[in-house]
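Each chain gets a letter, A, B and so on, in the order the sequences are listed, and its residues count up from 1.
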Amino acid sequence: MTRRSSFARFAHHELRLAWRDWTALMSGGLRIRNRVIVMAVALFILLLHAVAVGVLASDQPLTLDNNKALLVTLSASILLSFTMMISQALESVTRAFYARDDLDLILSSPAPARHLFAVRIAAMSVTTAAMSALLVAPFVNVAALLHGPHWLAAYLLVFALAMVATGIAVGLTLAMFRMFGAKRTRLVAQIVAAVVGASFLIGIQVVAILSYGSMSRFSVLSSTDLVDAAPGPGSLVWLPAYAAMGHVGASLLIFSISAAFFAVVVSYASLRFGEHVVAALSIPQERRSQRRERKAFRQMTTQRALIHKEWMLLRRDPWLASQSLMQVLYLIPPALMLWMRYGSDTDIHVILAPVLVMATGQLAGGLAWLAISGEDAPDLVATAPVTPRALLWAKVVSVLSVVVAIAAPMVLALAFVSVVGAFVTFAGVILAATCALVIQLWFRAQAKRTNFRRRQVASRMSTFLEAFASILSAATTGLVAAGTWAAVFPGVLLAIVMLIAWLVSPREKRKRRSPRRSAPPVSAHALS
Amino acid sequence: MSEPIPALSIRNLRKTFVEPAVDNLSLTIRPGEFYALLGPNGAGKTTTLRMVAGLLTPDSGDIAITGIDVGEHPVEAKRVLAWVPDEPMIYDKLTPVEYLEFVAGLWSMDGDVARAKADVLIDSLALTRHADERCQGFSKGMKQKVALAGALIHDPKLIILDEPLTGLDARSARQVKEILRHLVSTGVTVIMTTHILEVAERMADRIGVIAKGRLIAEGTLDELRRDAGGAGSSLEDIFLTLVEEPTDQARTMLDDDEAA
């Protein structure tokens, strides 16, 4: 393989893998032709263009001149996107170190590994950019159409930010390897990715609560204090905002600096990447001793045995626990608000209930996947002498017990302010958790627990339905807490979402298609 | 004297996925018998055994374990059954002792009894040194032994093993074979699928050969040799003869045996 062709071949390999990953993500693992996927995505993008036309259609020219308030808001939005990009890139880098099945093959081949790693880092940057470009493209295109082609320069900003984010992610991961070693880097990197992704949003919300007593981020971004304190329109701080608004000079400058930074990172990291990958793949398996004394086994019912097992597995897997419990980060602002307003605001549960319900719904979805689809010994559990109903109940209890344990402190604190409010919130938590559990049951497909991060790939549909169910549970709870009959509307919508989930679930479809010709035994497991 | 209740009785079992995987299969296995189920890849061995273990629902047919109808009384049937799949399914984050405690809990065993049984199994499977280590660093052979210990802890009357010796080193394979022989000597029934024909030849009381979802031959090694091989022929010769031509000759042979 020549030097040139190895780059080209690796790029082709990466491109093909990325395309297949993407189509799997979009199709939810169903056998859908690529043409259909492309058409569906094109239709979605067209729809976004229509939205963009509605937003941007105006006779007034779009300009930032002397508009500091707009500069602040736009810069904050760019910063938010940037933190998300860093988070996404950190995930990609960690996956490249630990989870690529082709590393053994590539590292043992005579092809220069640094070429592959250079291509792989570039691919990460392109993927990161593509995800953001997909969302901003309609607005940039419509702006270019309505207000001038210079707006297309905004794309340069997206790619520039993606390059810097990937560069930072690669640098951070390499630094973590040095600081924490190969074994701990994966866990630390995943936590850092989640914290970076959430930090900006949570940070602004915390500032809003502390300064303005509101959970709305806009109260900070639109405050006159912040706008007054911000530097003048000529400051370099606003360069990304100008670039986003189609300023060609600003775009080119930022792109050039970013590309130079990225080139330095790639040339350094592609040399180091190989040794770090080898280090990551050579981590000796843990041989941790739990206890030495010979005690009698606990007398357990099947249900208790399953609950005990779920708790123990979660506790012993810090990576998995951190992934599941990351949703708890979003409870920090409402907890802070509860603390700030404690005793002075009897209606605080109206604000807090939906947030708590939303977060616990998401948490329950993750835990339910672990307990139901991520069962590592499905045959063992399925052959235990208990009815499927009892098994199912044990799984449900094991998930709900974790959710309740996490939500309980805040619900109890709310009870001191409003007993009814706490009761409604608790009911909402149980509702959201139950919906998430039921959706996981309907869409269950056996998988390894280590695939937790990529569980959405198995069913994009279930991921969307789970998110809708959480949002509607939160809305229903919030409106019930507010004492308005309007709660009926999200409640009915929630029922419709659950009905759709039931109708489109693979098991239900299979039953309808043919009661006799079942699928191969790949997904047969404990609760079948 | 009346016939003892079969350890496993299968009647007219059928299962179709895209094509028939198990096609009108009938089988009777006596208590305390070591039965080897052989067949080429995709013959329907695992599908049959998964239906016996209650992991798949048959399209039609009856399965009874020690006289207990699996369809009507699945919980009672599972109480006397142990299933060991080809890929050991254990929890990486648990130690062998904790895994056995979990299995004992699933079968609602008495804590003291389970603990004593676990100690015996851990010793006999040479897992003592690793009893309190998490399974995540274990080799496939060690995981297979942990899974086997889990299958044996609740004293099953019927043990079904799907390719139990795959991936085991020579020492581990011998330990497993010795344990299985010991179990059979105590009256436990063992059904095993394997591609290692030598193991079936040496260990099995009776051998069943399955192809395209149908039982095409069954009997002791001598019976199979008489019907399909010839004096001195190995099980491998017999097996290849049968599966290469699982046609009229094999059907006639099986029908003759049943008639006899």
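- Exactly one residue among B/L158, B/V184, B/L8 makes a side chain to side chain contact (heavy atoms under 4.5 Å, CB included) with B/T189. That residue is B/L158.
- For the set B/S108, B/G54, B/G150, the entry with the most heavy-atom pairs within less than 4.5 Å of chain A is B/S108.
- The parts of A/T387 that come within reach of chain B are both its backbone and its side chain, each placing non-hydrogen atoms under 4.5 angstrom from that chain.
- Residue contact with chain A, scored on non-hydrogen atoms closer than 4.5 Å, involves the backbone and the side chain of B/L94 alike.
- The residue among B/L81, B/D112, B/V75 with the most heavy atom pairs within less than 4.5 Å of chain A is B/V75.
- Of the atoms belonging to B/A118, it is side-chain heavy atoms, and not backbone ones, that fall under 4.5 Å from chain A.
- The aromatic rings of B/H130 and B/F138 sit perpendicular, their planes meeting at an angle over 60°, well past the 30° parallel limit.
- Among the candidates B/V103, B/L100, B/I90, B/T95, the single residue satisfying the side chain to side chain contact (heavy atoms under 4.5 Å, CB included) test with B/V146 is B/I90.
- For B/V84, no part lies near chain A; criterion is any non-hydrogen pair under 4.5 Å.
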Notebook entry, point to check: Between A/D376 and B/K93, does a salt bridge (Lys or Arg N to Asp or Glu O under 4.0 Å) hold up when you go through it step by step?
Noted result: CA-CA 10 Å; A/D376 279 344; B/K93 299 287 175 190; over 6 Å; no
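- Residue B/I10 forms a side chain to side chain contact (heavy atoms under 4.5 Å, CB included) with just one option from B/L27, B/V22, B/I65, and that option is B/L27.
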